[in-house]
Amino acid sequence: VLQLQTDLAVKMIISNQTVTNISEFIVNGFSGIQDQRSQNILFAFFLITYVLTLFGNVSILIVIKFDKSLHTPMYTLIGTLAFLDLCIPSVTVPKILTNLMFRTKSIEFGACFTQMVFYLGVGSAESFLLMVMAYDRYVAVCDPLHYSTIMSNRHLIKLHILCWVGGMMVPMLPLYLAVRLPFCGPNVVLHAFCDYSAVVRLACANVTLNAIVSMTIAMSVLLIPLAFIFFSYIKIIISVIKVASSEGRKKAFSTCASHLLVILVFYLVAVFVFITYRIQGFSDDVRIMAAVLQNVIPPLVNPIIYCLKTRDIRKSFLKFIRKQVSV
């Protein structure tokens, strides 16, 4: 339903477009890697990565779904993160695989903007979710007696809605500004998918306003949650230091370790992409690869982190595997 509504919104906005001579874009992919052998290697890499990502995150969802002991706010949030980690690569990777396999690089005008909206929207929702997860850990460690009251099911549903609605609203203003631009050619997107800046660059008009607005929103989506996460963990550290027993400190930090690693991976990859686009010396293919890896690396790594660092998920997963094998 969300996709149909977004498609309709995109078409309605595009229908008001008065100056455009193109009906589709050509997603060029990796300009310096066009030989068949290199394309096959890239196809195999992205396919294996995508399959492993699907397997890891679906496994997390299944374990949380069928283990009633994991039906708590923390694991519900982890399950939502796993679902988002399924969505993020699914927006871009299947089209990348199709382009690499069949060399069909064209994408319809509306479909390109729809892909752009979901890529930015779901990524923003994950950034907001990481902030909510930090809030969950803050309440669990700093105010454990009121945790069940504060993180009630009703409150948790509201937080999920804020993440999803807030995330999907983020790209609407950049989208509105982009589709009002005249696209009169060329139509070759120098990227592996419909990246906002790569598409807007093709417009036959001044795109300074688009660049300023998109950069401001992107920095806000990254830095505001990061500031809240940083503040939350400062409070957590102060609270944990006050705990008398070393066993209590260890237990408190262990509940936060997996979340901190997930945050670290998410923001390190984002910073690497930012660096490749802002510092001279990186080739276009390196920049494109960095942006694509931002789609696949965190969703691939997150299930591994939670399986290795979260004892309850690890035990439940092994229990589920043994049960399936015995059957």
Side-chain angles (χ1 to χ4, degrees), residues 1-3 5-6 46 49-65 70-96 114-137 151 156-172 193-196 217-218 220-222 224-226 228-229 258-270 273 291-307 309-310 313:
V1 175
L2 181 60
Q3 183 170 0
Q5 290 175 341
T6 305
F46 288 126
T49 302
Y50 185 53
V51 170
L52 291 175
T53 299
L54 293 179
F55 173 78
N57 287 288
V58 169
S59 298
I60 291 288
L61 287 172
I62 290 174
V63 166
I64 293 174
K65 170 67 176 177
L70 300 182
H71 293 179
T72 63
M74 185 180 87
Y75 294 111
T76 300
L77 291 170
I78 291 174
T80 304
L81 179 66
F83 182 73
L84 284 170
D85 283 340
L86 286 173
C87 294
I88 290 174
S90 296
V91 172
T92 57
V93 174
K95 182 60 178 174
I96 293 173
T114 300
Q115 184 187 60
M116 184 192 304
V117 167
F118 277 94
Y119 169 66
L120 296 173
V122 178
S124 300
E126 178 154 333
S127 182
F128 295 149
L129 182 68
L130 292 175
M131 179 174 64
V132 171
M133 294 174 77
Y135 173 69
D136 173 75
R137 292 299 84 208
M151 297 301 293
L156 199 61
I157 291 172
K158 289 181 181 178
L159 291 174
H160 277 90
I161 292 173
L162 285 174
C163 288
W164 279 100
V165 174
M168 296 310 299
M169 288 298 294
V170 163
M172 290 305 165
F193 57 91
C194 288
D195 177 72
Y196 182 83
I217 292 176
S220 299
V221 168
L222 284 174
I224 292 176
L226 182 61
F228 185 87
I229 291 168
S258 53
H259 181 236
L260 283 171
L261 285 173
V262 167
I263 291 170
L264 189 64
V265 171
F266 181 85
Y267 281 100
L268 281 179
V269 176
V273 174
V292 176
L293 290 179
Q294 188 178 17
N295 285 313
V296 298
I297 295 301
L300 174 66
V301 173
N302 289 348
I304 299 172
I305 291 173
Y306 279 115
C307 280
K309 300 297 293 182
T310 308
I313 290 181

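What you are looking at is a predicted structure, and each value in this text was computed from that prediction instead of being measured.
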Kindly give the heavy-atom pair with the smallest separation between His71 and Lys65, and that separation in Å.
-> NE2-O, 3.1 Å

Taking atom CD of Glu126 and atom CG of Leu129, what is their separation to the nearest 0.5 Å?
-> 7.0 Å

Mind checking whether Val296 and Leu300 have side chains closer than 4.5 Å, heavy atoms only?
-> no

Tell me, do Leu70 and Val63 make a side-chain contact under 4.5 Å, heavy atoms counted?
-> yes

Under a 4.5 Å cut-off applied to non-hydrogen side-chain atoms, are Tyr196 and Tyr119 in contact?
-> no

How long is the span from the CE atom in Met151 to the CG atom in Leu159, to the nearest 0.5 Å?
-> 5.5 Å

Is a side-chain donor or acceptor of Asn295 paired with a backbone partner of Val93 at a separation under 3.5 angstrom?
-> no

Can you tell me if Ser127 uses its side chain to pair, donor with acceptor, with the backbone of Val221 under 3.5 Å?
-> yes

Find the distance between NE2 (His259) and OG1 (Thr310) and round it off to the nearest 0.5 Å.
-> 11.0 Å

Show the atom names and distances, to 0.1 Å, of all donor-acceptor pairs under 3.5 Å that link a side chain in residues 261-270 to residues at least two apart or in another chain.
from, atom 1, to, atom 2, distance (Å)
Tyr267, OH, Leu222, O, 3.2

Any side-chain heavy-atom pair from Met172 and Val117 closer than 4.5 angstrom?
-> yes

Could you please spell out the steps behind the side chain to side chain contact (heavy atoms under 4.5 Å, CB included) verdict for Thr114 and Cys194?
-> CA-CA 9 Å; Thr114 300; Cys194 288; over 6 Å; no

For Gly166 against Phe128, the heavy-atom pair lying closest together = C-CE1, 3.6 Å

Could I get the full list of side chain to side chain contact (heavy atoms under 4.5 Å, CB included) partners for Ile304, not counting sequence neighbours?
-> Leu308

Could you pull out every donor-acceptor pair under 3.5 Å between side chains of residues 73-91 and any protein atom, sequence neighbours left out?
from, atom 1, to, atom 2, distance (Å)
Tyr75, OH, Asp312, OD2, 2.9
Thr76, OG1, Thr72, O, 2.8
Thr80, OG1, Thr76, O, 3.0
Thr80, OG1, His160, NE2, 2.6
Asp85, OD2, Asn302, ND2, 2.8
Ser90, OG, Tyr50, OH, 2.8
Ser90, OG, Leu86, O, 2.6

Evaluate side chain to side chain contact (heavy atoms under 4.5 Å, CB included) for Leu120 paired with Val170, printing each intermediate quantity in order.
-> CA-CA 7 Å; Leu120 296 173; Val170 163; 5.6 Å; no

What heavy-atom pair brings Ser258 and Tyr306 nearest, and what distance separates the two atoms?
-> OG-CE2, 3.4 Å

Taking the side chain as C-beta and beyond, is there a heavy-atom pair between Thr53 and Pro303 under 4.5 Å?
-> no

Rounded to the nearest 0.5 angstrom, the CD1-CG distance for Ile62 and Asn57 is 11.0 Å

